[in-house]
Amino acid sequence: MADKVQRVRGTQDLFGDAILRFDHVVDTFNRVRKLYGFRRVDVPVFEFTSVFARTLGETTDVVAKEMYTFEDRGGESLTLRPEFTAGIARAYLANGWQQHAPLKLAAWGPLFRYERPQKGRFRQFHQLDAEIIGAAEPAADVEVIALAAQLLTELGLADKVVLQLNTLGDADSRSAWRAALVEHFTGHAAALSAESRERLAKNPLRILDSKAEGDRALIADAPRIDRHLTAEAGRYFDAVQKGLQAAGVAFERNDALVRGFDYYRHTAFEFVTDHLGAQGTVIGGGRYDGLIETMGGPHTPAVGWAAGIERLALLVGEVSEDFVVAVVADTEEHEQQARDVIALLRSNGVAVDLSFSGSPKRLVEIARKRGNDGVLFMRAAGDMSDGRHPLHLQHFDGDPVLMRTLAAHVGAALGPRYYLTGGGARV
RNA sequence: GCGACCAUAGCUCAAUCGGUUAGAGCGCCGGUUUGUGGUACCGGAGGUUGCGGGUUCGAUCCCCGUUGGUCGCCCCA
């Protein structure tokens, strides 16, 4: 029945072009994070519920209504991770990774939030994640942001995305600013949108993000963080900005930028785009010096970000695969020999696709439809007097540069027992 | 949780004002032609128009409900 093969809302079956783009984002991340010395870490997809509930903030939407929480057979309350940072911080504490501090970590994988799906948002979605744990220096902030910026550049997205930067100050700055915001907005509560009135009680910083037309004037007059920054927090933010300039990372100040979770302090940033409809944030992160302490660990400064893989995959252009050839024997007698050719090609690094039945003509059609780059024919007729068997390479793509490249790879992989015609090959 | 829009063949879409046998392209299957290779042509299979009600002589079309999808609000990557 149809209902049995139905996909759960907000999940995806990735295939074809979609998975190529997804993998391209992940592959690029893995390449770039190595350039920055970020070590791979993998943590569980589920944790004890308290790991997320305590750290993200009880009133945040994610904790209040978006977590996939369930009881296991032992009666423990577990939660499918809605984000990476809390789980990584838990692992850092549980495994005594303090000995490696400062630790630069990279992770990626699925996350789960019970939300209404829309463009660039899913219930099972995937993020890239980068964290530096155990470094209190502005240079660490610069390092993670530079990693993000290079990732975007290498994905070809540099001109589609801008970096917005803000500071939330240290704990003292943040609470002073928060109090000032509450005072300001409470004075104008009647003029606020209903949603912002609710935010006033739950998370007043969020009012600054409001998209409501009527809130904008009030937001424009709202107190800025800059007036409430302690001297130390101000110096810190200065150092981050100077570091970014020195690293050649362009940014713009957005003093209304806040972050979703309660654990953020000091630097907050987002890479945003206007190419994704309502979901403009492609990478978001900041400093979370208080998180590990709230989990019961020692005071541990840390900074990091997460990137939405689906959102990045929507932005990247078409992704091409490495070339693949199909091998087709003209006659049945040549099929055994075709196996030899296939093994030779594969053991020498040339990808070979093949179908399992059909006429040569049909096999060529299939190869083309599957997106193979060319067909290598085992020729029925050929001069074998010198002991070498002729192969004919046919391309589906007319590009002469590609043809020569492909012919060169195939020719080199085949070695002296075969000679190649077609495709501009000279053997 | 709220709102708007959408749902027709495996896929992308048509079908006049509500009108009788729901079409096309692609894909799939079979065949013919061609023959050192991205062909062309002929034929075929494939539909309870998401599902359930209602209005009507008659519903793919109008109404209600329901399920699913898309986009937006909220929130977030």
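Quantities reported herein were computed from a predicted structural model and do not represent experimental measurements. Lettering of chains follows the sequences in order, A, B, ..., and the numbering in each one begins at 1.
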*asked:* Check this for me: does the side-chain of Arg7(A) come within 3.5 Å of the base of G68(B) through a donor and an acceptor?
replied: no
*asked:* Can you measure Leu363(A) atom CG to G38(B) atom P for me and round it to whole angstrom units?
replied: 14 Å
*C1' atom, U49(B) versus C6(B): distance in rounded Å?*
14 Å
*How close do Ala313(A) and Phe22(A) get, heavy atom to heavy atom, and via which atoms?*
CB-N, 4.2 Å
*Look through every strand shown and name the nucleotide pairing with C51(B) as Watson-Crick or G-U wobble, where both distances are under 3.5 Å.*
G65(B)
*Expressed in whole Å, how much space separates the C1' atoms belonging to G10(B) and U55(B)?*
35 Å
_salt_bridge(Arg417(A), Asp340(A)) N-O dist < 4.0 Å_ = yes
*Using whole Å, report how far CD of Glu115(A) lies from P of G69(B).*
15 Å
_A77(B) OP1/OP2 closer than 4.0 Å to side-chain N/O of Arg259(A)_ = yes
*Taking the same atom, P, in U34(B) and in A40(B), what whole-Å distance lies between them?*
16 Å
*asked:* Of the options A77(B), C73(B), G68(B), whose atoms approach the side-chain atoms of Arg9(A) most closely?
replied: G68(B)
_Donor-acceptor pair under 3.5 Å, Arg199(A) side chain vs C75(B) base_ = no
*Once you round it to whole Å, what is the distance between P of G1(B) and NZ of Lys202(A)?*
15 Å
_If you only use heavy atoms from C-beta on, which nucleotide in A77(B), G38(B), C75(B) is closest to the side chain of Lys211(A)?_
C75(B)
*Could you tell me the separation between the CG atom of Leu276(A) and the C1' atom of A77(B), rounded to a whole number of Å?*
10 Å
*For Gln336(A), does the CD atom have more than 12 heavy-atom neighbours from other residues, nucleotides or ligands under 6.0 Å away?*
no
*What is the nucleic acid contact for Gly120(A), judged by heavy atoms within less than 4.0 Å: base, sugar-phosphate only, or nothing?*
base
*Atom CZ of Arg81(A) and atom C1' of A77(B): how far apart are they, to the nearest Å?*
14 Å
*Base, sugar-phosphate, or nothing: which does Arg206(A) touch, judged by heavy atoms less than 4.0 Å apart?*
sugar-phosphate
*Please determine if Arg123(A) forms a cation-pi arrangement with Tyr114(A), meaning its NZ or CZ atom is less than 6.0 Å from the six-membered ring centre and no more than 45° off the ring axis.*
yes
_For atom CE of Met67(A) and atom P of C76(B), their distance in whole Å_ = 14 Å
*Tell me whether the OP1 or OP2 atom of G72(B) has a side-chain N or O from Gln118(A) closer than 4.0 Å.*
yes
*Consider the side chain of Glu195(A), meaning its heavy atoms from C-beta on, and name the nucleotide among U36(B), C76(B), C73(B) that approaches it most closely.*
C73(B)
*Would you indicate what Glu66(A) reaches in the nucleic acid, counting non-hydrogen atoms under 4.0 angstrom: base, sugar-phosphate, or nothing?*
sugar-phosphate
*Choose from A77(B), C73(B), G37(B) the nucleotide whose nearest atom is closest to any side-chain atom of Ala306(A).*
A77(B)
*Across all strands, who's sitting opposite C26(B) as a Watson-Crick or G-U wobble pair, both distances under 3.5 Å?*
G10(B)
*Please state how far atom CD in Gln127(A) lies from atom P in A77(B), giving the value in whole angstrom units.*
6 Å
*Lys119(A) has a side chain; which of C71(B), G37(B), C73(B) sits nearest to it?*
C71(B)
*Which whole-number value in Å describes the distance from Arg116(A) CZ to G72(B) P?*
12 Å
*Which listed nucleotide (G72(B), A77(B), G38(B)) is nearest to the side chain of Thr281(A)?*
A77(B)
